[in-house]
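All residue numbers in this chain count up from 1 along the given sequence. In each ligand, atom 1 is the first atom listed, and ligand 1 is the first ligand listed.
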Amino acid sequence: MRVLLVGGGGREHAIAVSLIKSRHVDKLYCAPGNAGIAKIAECVPVGTMDFDALTAFAKENKIDLTVCSMDDPLCAGIVDAFEAAGLRIFGTPANAAVIEGSKAFSKDLMKRYGIPTAAYETFDDADKALAYLEKAPMPIVLKASGLALGKGVLICNTLQEAQDGIRELMTDKKFGDAGSQVVIEEFMTGREVSVLAFVDGSHYKLMSSSQDHKRIGDGDTGLNTGGMGTFSPSPFYTEEVDAYCREHIYQKTVDAMKAEGRPFRGVLYFGLMLTGDGPKVLEYNTRFGDPETQVVLPRMKTDIVDVMNACIDGTLDQIDLQFEDNAAVCVVLASGGYPGSYEKGKVISGLENFDGKDAYYCFHAGTAFNDRGEVVTSGGRVLGITAVGPTLKEARAEAYRASEWVTFDGAYKRSDIGKAIDQA
Ligand code: AMP
Ligand code: GLY
């Protein structure tokens with residue numbers, strides 16, 4: 001099979017590694033890819049939102065299957081564009097991708113179908129939102145309803161912070177139209193777990209659980225980022241939690257989307273919080289999480305193309321989705337200054353230390369080639385260093401050891417990824 005992968009981040013590098021391992025894949029293209037993906041796929045300089053150029057490429061190059069797991073193209077209808085052109089694609093159609101693209105939609109869906117989530121109100125008028133805040137308990141959570149690169153969530157400890165937040169989102173439009181509608185939500189406490197599921201419209205199959213670390217600093221301090229590291233499985237995702245979520249969350253969500261005339265196909269990401277009142281949904285995403293994918297897919301035993309085909313064909317119930325009985329930890333190396341401003345173009349050294357080492361992965365997130373052909377930094381999150389081991393503790397020790405094999409000027413990493421494991 002000839003496969004085209006759309007994207008160029010750490011998640012896509014992890015998906016590319018799984019695709020290359022598939023017994024079905026003879027040739028892999030990636031648009032636009034990055035310097036790491038270029039080692040295993042042919043990268044083509046086409047943008048992820050240029051659907052005309054992507055479908056033309058797929059036709060000209062006789063692509064059998066295209067894979068897309070990015071929020072912007074999915075919400076903008078990449079799956080619909082490919083299918084209208086008669087092309088096969090794994091991903092979520094736009095009318096179902098709205099589960100991530102509009103928090104107002106997903107919160108209303110959960111309310112109507114009795115899926116546990118934080119209490120909330122939705123506003124499209126700043127004055128009404130400000131009036132509501134006067135009587136609301138603090139802390140409180142403000143969320144831009146639309147897509148905001150994972151940065152549109154503000155946790156406000158005081159009324160003043162919340163009022164400033166509403167002005168930032170709704171009046172100053174810091175995240176553009178994403179903030180025209182704002183969800184104001186009850187603040188919850190508890191451990192967070194990410195659960196990814198393959199979905200075919202009617203059935204779901206869960207991948208192994210994981211946990212992200214969203215803040216830039218050790219001890220979960222500082223600004224929110226796209227994710228500074230992950231581990232899988234989560235020891236806090238117990239059989240009891242799993243049973244509760246299967247009864248109250250997963251199938252109910254799949255059924256709700258179907259009942260709404262928006263059957264969900266693709267990867268559905270459940271961001272859960274394990275609260276004192278049981279697990280609740282923090283958010284849905286319509287794609288593989290990043291960097292969750294960098295610890296989940298290296299542990300997946302089942303051929304990813306078989307699973308993707310089953311999602312497209314509605315035959316997921318016939319797939320026995322299996323994971324290794326082991327663990328993985330990913331430590332992200334970021335550019336100094338991220339998530340604020342940072343420099344690009346720093347030469348990365350030591351990448352060859354990962355060659356031929358099966359239990360270690362150096363996933364490229366923000367890398368490119370300079371005109372001398374050297375691999376350089378080109379983004380905030382640069383590399384995801386993943387190690388797989390028999391236990392979480394061993395995987396963590398190995399991930400940190402491997403994170404020393406590679407470096408670049410100003411490289412920053414958290415030193416406490418997976419620390420929560422010690423409390424399990
Ligand atoms: P989201 O993009 O919706 O996952 O939000 C980003 C992060 O904000 C989550 O991973 C949580 O850490 C935090 N968060 C979101 N909603 C809430 C909430 N209702 N209560 C407490 N923390 C929240
Ligand atoms: N790691 C969080 C996300 O992918 O949205």
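Against a heavy-atom cut-off of under 4.0 Å, Glu292 is close to the following atoms of ligand 2: 1 (N), 2 (C), 4 (O). Interface of Ile155 with ligand 1, defined as ligand atoms under 4.0 Å from a residue heavy atom, comprises 13 (C), 14 (N), 22 (N), 23 (C). If you number the atoms of ligand 1 from 1 as listed, the ones under 4.0 Å from a heavy atom of Lys103 come out as 2 (O), 3 (O). Within ligand 1, counting atoms from 1 as listed, the ones closer than 4.0 Å to a heavy atom of Lys143 are 3 (O), 15 (C), 16 (N). Ligand-side atoms of ligand 1 in range of Phe187: 20 (N), 21 (C), range being under 4.0 angstrom from any heavy atom. Annotation for ligand 2: atoms under 4.0 Å from non-hydrogen atoms of Gly289 are 4 (O). Taking a cut-off of under 4.0 Å to the non-hydrogen atoms of Lys214, the atoms of ligand 1 that pass are 4 (O), 10 (O). Remark: ligand 2 atoms within the under-4.0 Å shell around heavy atoms of Asp212 are 1 (N), 2 (C). Close approach of ligand 1 to Val141 (heavy-atom distance below 4.0 Å) involves ligand atoms 16 (N), 17 (C), 18 (C), 19 (N), 20 (N). Taking a cut-off of under 4.0 Å to the non-hydrogen atoms of Arg287, the atoms of ligand 2 that pass are 3 (C), 4 (O), 5 (O). Distances below 4.0 Å separate heavy atoms of Glu185 from the following atoms of ligand 1: 16 (N), 17 (C), 18 (C), 19 (N).
Each of Arg414, Lys419, Arg215, Arg191 was evaluated against Asp220; a single residue qualifies, Arg414, per the salt bridge (charged side-chain N to carboxylate O under 4.0 Å, His left out) test. None of Thr386, Leu383, Ile37 except one satisfies the side-chain contact (heavy atoms from CB on, under 4.5 Å) rule with Phe363; the exception is Thr386.
Within the structure, side-chain hydrogen bond (donor to acceptor under 3.5 Å, both in side chains) contacts touching residues 324-339 (residues at least two apart or in different chains) are Arg299-Asn326. Annotation: side-chain hydrogen bond (donor to acceptor under 3.5 Å, both in side chains) contacts involving residues 237-251, sequence neighbours excluded, comprise Tyr237-Asp242, Tyr237-Tyr250, Asp242-Arg246, Gln251-Asp255.
Gln294 and Tyr361 form no side-chain donor-acceptor contact under 3.5 Å, judged by distance and modelled atom types alone.
On a distance-only criterion, Asp290 and ligand 2 share at least one N/O pair closer than 3.5 Å. Among the atoms of Asn224, none of the N or O lies under 3.5 angstrom from an N or O of ligand 1.
Not a single heavy atom of Phe288 sits less than 4.0 Å from an atom of ligand 2. Contact annotation: Gly227 has no heavy atom less than 4.0 Å from any atom of ligand 2.
Using a 4.0 Å cut-off between heavy atoms, Asn285 contacts ligand 2 through its side chain alone, with no backbone atom that close.
If you check each of Glu186, Glu192, Met273, Glu100 against atom 11 (C) of ligand 1, the one with the closest non-hydrogen atom is Glu192.
A cation-pi arrangement is found for Lys111 relative to Tyr120, the charged atom lying closer than 6.0 Å to the ring centre and inside a 45° cone about the ring normal.
Proximity of His364 to Val375: side-chain heavy atoms (C-beta onward) are separated by under 4.5 Å at one or more points.
Ring pair Tyr269/Tyr284: centre-to-centre distance not below 6.0 Å.
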